[in-house]
Amino acid sequence: MQKAVSDSEAQVKEWLAGQGNAMVKLLAELVNTDSGSYDKAGVDAAGEVLKRFFASEGLPVETVPQTQFGDQIRATLDHPHANDRRPIILMGHRDTVFPKGEPQRRPFRVENGRGYGPGVCDMKAGLVMNAFVLVALKRFGGHPGPVVALVTSDEEIASPSSRPVIEAQARAARAVFNSEPSRVGHKITSGRKGGVFSRCEVIGKAAHSGANFEQGVSAIEELARKIPEFHKITDLARGTTVNIGLIGGGQTVNTVAPSAWCEIDLRYVRSKDRDEAVAAIRKIAETCSVPGASSSFIIKGEFLPLEQTPEARALYDLYSASAAEAGFSVNAEFTGGCADSGYTAAQGCPTLCSVGPVGGKAHTPDEFLEIDSMVPCAQALALSVMRLREGVLPPG
Amino acid sequence: MNSPTFDTQSMLAGLGRWVEIESPTDVPEAVNRMMDTAEGAYREAGALIERVPGRDGRGDHLIARSPWGVGQKGILILSHLDTVHPIGFLKRLPFRVEGDIAYGPGICDMKGGVYIAYEALRRIISESGSPLPVSHLIVSDEETGSQTSRALIESEGRNSRFVLVTEACRDGGKVVTARKGVGQFEIRIRGRASHAGSRPQDGRSAVRELAHQILELEALNDEETGVTLTVGVVQAGTRPNVIPEEAVAQIDMRLPTMALAETLIPQVLARKAHRDGVSVTVTGDLNRPPYEKTEAITALFAHARKVAAEIGIDLGDVSTGGGSDGNFTAPFVPTLDGLGVEGKGAHTDHEQMLVSSLAPRAMLLYRLMRTLGA
């Protein structure tokens, strides 16, 4: 039995080693399929690229349809005889932050060993890697239980439609590997901050700023009073930060501003810090000091923190050992960036994030992928899945 | 008084035709259609016509002059025929009369005022007489700050002894003898962008700085001196999860006197950032100087009050925070404003005029033209 597994490991590693060009080919097709988060048709088209790939390898695919955003997709490699039937999840999202038409302007290209194009590392390369790992395991076996590649549609806008699917999947899962890009030097994520994304709208009263100045109520003045109060919630020692990233307001220069708004980005490290910070933001957002002004507050989206747990550490150790066999060493790094891994971790599912191929400059035109990292990262992930046998993770 | 009266119904019909020619400032060909109509009316009245071609996306300006006293300093009637209402607004606010109220885009601000001045000047030309020559300057861009007409207004003002502005009257018929100066500024802040989640410490928020600046600028409001300041428009940032690199705000400031303007405007222009790595740049200036009630303006008002009393009007005066083209001439030539029709709702979808104000206000303008300089 032990021998059979190590045979499978060698076969999987060897097969993946020969898939570099095929991976780049699938990646090119995926990057060139425009899939901004709000473009349902585009995100679904990117989903079709992967569905065709899974189907061609004989892997069953399920679709969870969505009305507003792209559909959720699940490809399953079953293992009917496993003792532990809880699936191991290879997770990734296929939406990008870019405006429509970006792949036409900046199609996939490779230069000096780096791949470029919208979403190339964040995270279409991770999806390609997950797909090839699933195929390798189907071909050569060795996985300790069912393995699911979950392909979601809306992570870049805080996963409004995929979150329930992700959470349900995580509750039933043995572990989650999220294939967000690892950073240069194979840095993977040991923890992530949680984030709450909200909006405050202020209503004042319009008046001509010359003739009827006294009758006006400036929504912009009220907003200007709130902004420093929001910023005071920042507590770097605790890892809590507030950014007012977007503001707008007013009508014309000579009209007292009848309305103004801001978007608030809160990040925090520990789950217990969330409620206090959100309550403080809400209080500032809903309390006005300019006479006659009123305001409202809504939470638009949220990511949960990825906190370090003994299970997560065991998963990291497992991955680190697998990586060493694939020929690289990994480093752990804490980040304030949020991702879907926070949702799965919050469900109590051991989660390791940023095991995707190496890249950087995400969300910018300079986004890149280190092409040669695709194969070793795929090998490390496949080995980690294969070695995730009973008893490897401490009881949760 | 043996002067003829003005016929309300014929003026209302003529004004209605003008209101139905839509003339938003930013559609020069539409403004020019309006100017063509006014020019045609004045040609028929026997006035000398000058037309100053439009530029920078604005329509032509029109000057109609009495045929006598050419080259002498006389009376300048100052008007505009552009409106704030966009093309098509007439469908929402058609010209219509309900009892004593007539509705329409620009009827009060200020086609009504231009129309009665035209009627008064037409009558004077037909009677061939006023002690001083009269020029009626009608500009095309008052509603957006008179950028293309300011120099013309100032040069015509300097060639005049009196300026009469046909903006709507206030508070039941009062004329305007003082207006605050208008300063408009743009404050532009540059910080440094970074990702709000992963690199918050690397950023310098332009929004943080802007809020600080707005609160300090608002502190310049002073009920005692009458200085007002409001930030009319703000905009900043690219994405909620990025520390905003750039922020822009537009500032409107009203200044009752030149002395206050000279003290406070340098303070606005000299704004500095509160934090390293952030820059603050303020541009702009006084775009309409304060229109202060000088002794000469007090005397001009006293004359107007006497003339008004002769036709049964108890004329009052007010000062206002709203600027007009009168601000450009008041610093150097006695200027009386608010000589137009009575109405309300300027710039709105219920802009209206009191029909019964047409004849007495036309008569007041007529009497001023007949008596000034006598």
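Just so it is clear: chains get the letters A, B, ... in the order the sequence lines come, proteins before strands, and each one is counted from 1.
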Interface residues of [range] facing chain B - heavy atom cut-off under 4.5 Å:
range	value
residues 290-305 of chain A	none
residues 227-234 of chain A	A/Ile227, A/Pro228, A/His231
residues 332-340 of chain A	A/Thr335, A/Gly336, A/Gly337

Contacting region of [X] [heavy-atom separation from chain B under 4.5 Å]:
X	value
A/Val242	neither
A/Phe197	neither
A/Ser209	both
A/Thr255	backbone
A/Gln251	backbone

Flag the one option from [options] with the top tally of heavy-atom pairs under 4.5 Å to chain A.
options	value
B/Ile243, B/Ile214, B/Thr320	B/Ile243
B/Gly203, B/Pro240, B/Gly237, B/Ala196	B/Pro240
B/Val248, B/Val242, B/Ile251, B/Leu210	B/Val242

B/Pro200 versus chain A, the contacting section by heavy-atom distance below 4.5 Å: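 Side chain of B/Pro200 only, per the 4.5 Å heavy-atom cut-off to chain A.
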Considering all heavy atoms, the nearest A/Ser218-B/Glu218 contact: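 The pair with the smallest heavy-atom distance is OG-OE2, 4.3 Å.
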Residues in residues 165-195 of chain B near chain A [non-hydrogen atoms, under 4.5 Å]: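 So the qualifying residues are B/Arg170, B/Gln184, B/His195.
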From B/Asn241 atom CG to A/Asn243 atom CG, the distance as rounded to the nearest 0.5 Å: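 The distance works out to 8.0 Å.
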Distance in Å, A/Glu263 CD paired with B/Arg239 CZ, rounded so as to fall on 0.5 Å steps: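 Rounded to the nearest 0.5 Å, the CD-CZ separation comes out at 10.5 Å.
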